[in-house]
Amino acid sequence: MTQRKTQRIASHAVLIVIVIACSTSGPPQAHDDTTARGPSELVVQVLDVGQGDAVFIENGGSRVLIDGGPDPATLGRHLDRLGLNGDTIDVVVVTHAHVDHYNGLRELFRSDRHIAVRFFFENKDLSPNTTLATLRDSVIARADRGSLVYRDTDDPCGTGAPLCTITMRGGATLHVLRPLAEPASANDRSTPVKLVGPDSASFVMWLAGDAEREAIAAFDSLGYDEHPGMSAEVMKGDHHGSCNGATPRYLDLVHPRWVVFSLGVSNTYGHVHQQTLDLLRARGLSWYRTDQNGTVTIRTAGTQGSGFTITPDHGAPNAIGPSDRFSEQAVCAAGGGTG
Ligand SMILES: [Zn+2]
């Protein structure tokens with residue numbers, strides 16, 4: 001595991017492609033995507049789930065859910081709204097084993113919803129949480145029946161490769177990257193995900209769960225900036241806008257035009273921290289936040305030069321919230337650090 005912490009991704013690393021139109025079981029294989037529909041619209045919804053994360057992605061009929069928020073009932077309302085009952089979610093990624101990211105996902109496995117899940121990625125870290133054990137029992141039961149492929153984010157393709165590239169039917173790709181191996185904080189076990197639109201020049205999104213300073217610095221030292229690259233039009237703000245989840249260097253690497261924070265309107269953490277918003281303001285970056293704007297929807301047509309739109313359910317960009325405060329965390333002193 002220690003070796004993983006210092007391993008750089010070689011530029012010649014082989015990308016293992018899971019074409020999610022193909023078999024749900026067995027080892028990942030490289031395929032020609034015979035069912036690809038050509039470039040089509042990519043829709044990303046940063047769902048309003050309160051203090052937590054849940055991001056739903058659709059492209060050409062392929063569906064991906066990254067995290068599920070803290071509450072099964074809340075995610076359930078989104079599943080109803082999105083018309084997913086009786087349907088298939090191709091890929092689920094749990095960024096890390098914290099309740100505000102995984103717990104809502106238990107709703108996916110409620111038998112009366114009849115939702116199929118084809119690939120389920122998580123770090124499989126030991127946890128005392130009984131709710132996580134319940135979720136894992138559901139995942140393992142389906143894996144045992146052969147209806148779901150259960151992947152460890154430390155080995156996301158099951159081949160030893162440090163990233164797994166998933167091709168969606170409409171031409172978008174999703175890179176699931178190996179997280180930092182042995183950080184001090186469970187937040188720093190967050191799995192980074194890079195979403196690339198069918199037209200990569202129009203839209204890329206970077207999402208890294210609750211990654212904090214140690215993981216953020218590791219993304220840099222692991223060479224993720226070079227491969228697969230971290231530059232993105234839109235960034236999901238790390239760790240709900242904690243000052244611990246943003247640094248000048250990190251923002252320079254991702255260089256987003258927009259940042260979307262997912263958080264609850266009355267959170268006890270002081271999110272979004274004022275230091276984070278100050279970093280964004282200093283760069284002229286715009287943001288939306290689910291506590292003030294509800295679900296935030298990003299669309300790109302997928303055709304060359306089509307660009308993208310970003311639309312909140314309500315409210316204006318660059319809002320502040322009632323829980324926002326200056327964080328006294330030592331790590332956030334001195335202008336946000338350099339990590
Ligand atoms: Zn979180």
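Atoms within a ligand are numbered from 1 in the order they appear, just like the ligands themselves. Throughout, residue positions are numbered sequentially from 1 according to the sequence presented.
With Met230 as the partner, the side-chain contact (heavy atoms from CB on, under 4.5 Å) test is satisfied by one option alone out of Asp220, Leu253, Val204: Leu253.
Taking the six-membered ring where tryptophan is involved, the planes of Phe308 and Phe203 are tilted, since the angle between them lies from 30° to 60°.
Taking the ring pair (Phe, Tyr, Trp, His ring centres under 6.0 Å) definition, one finds that His78 meets it with nothing, sequence neighbours left out.
Taking the centre and axis of the six-membered ring of Tyr224, the NZ or CZ atom of Lys194 falls outside the cone set by 45° and 6.0 Å.
Salt-bridge formation is detected for the pair Asp90/Arg118: a Lys NZ or Arg NE/NH1/NH2 atom is positioned less than 4.0 Å from an Asp or Glu carboxylate oxygen.
Inspection of the environment of the Zn ion (ligand 1) yields the following protein N, O or S atoms under 2.8 Å: Asp100 OD2, His101 NE2, Asp210 OD2, His240 NE2.
Taking each heavy atom of Tyr269 and His273 in turn, the nearest pair found is O-NE2, 2.9 Å.
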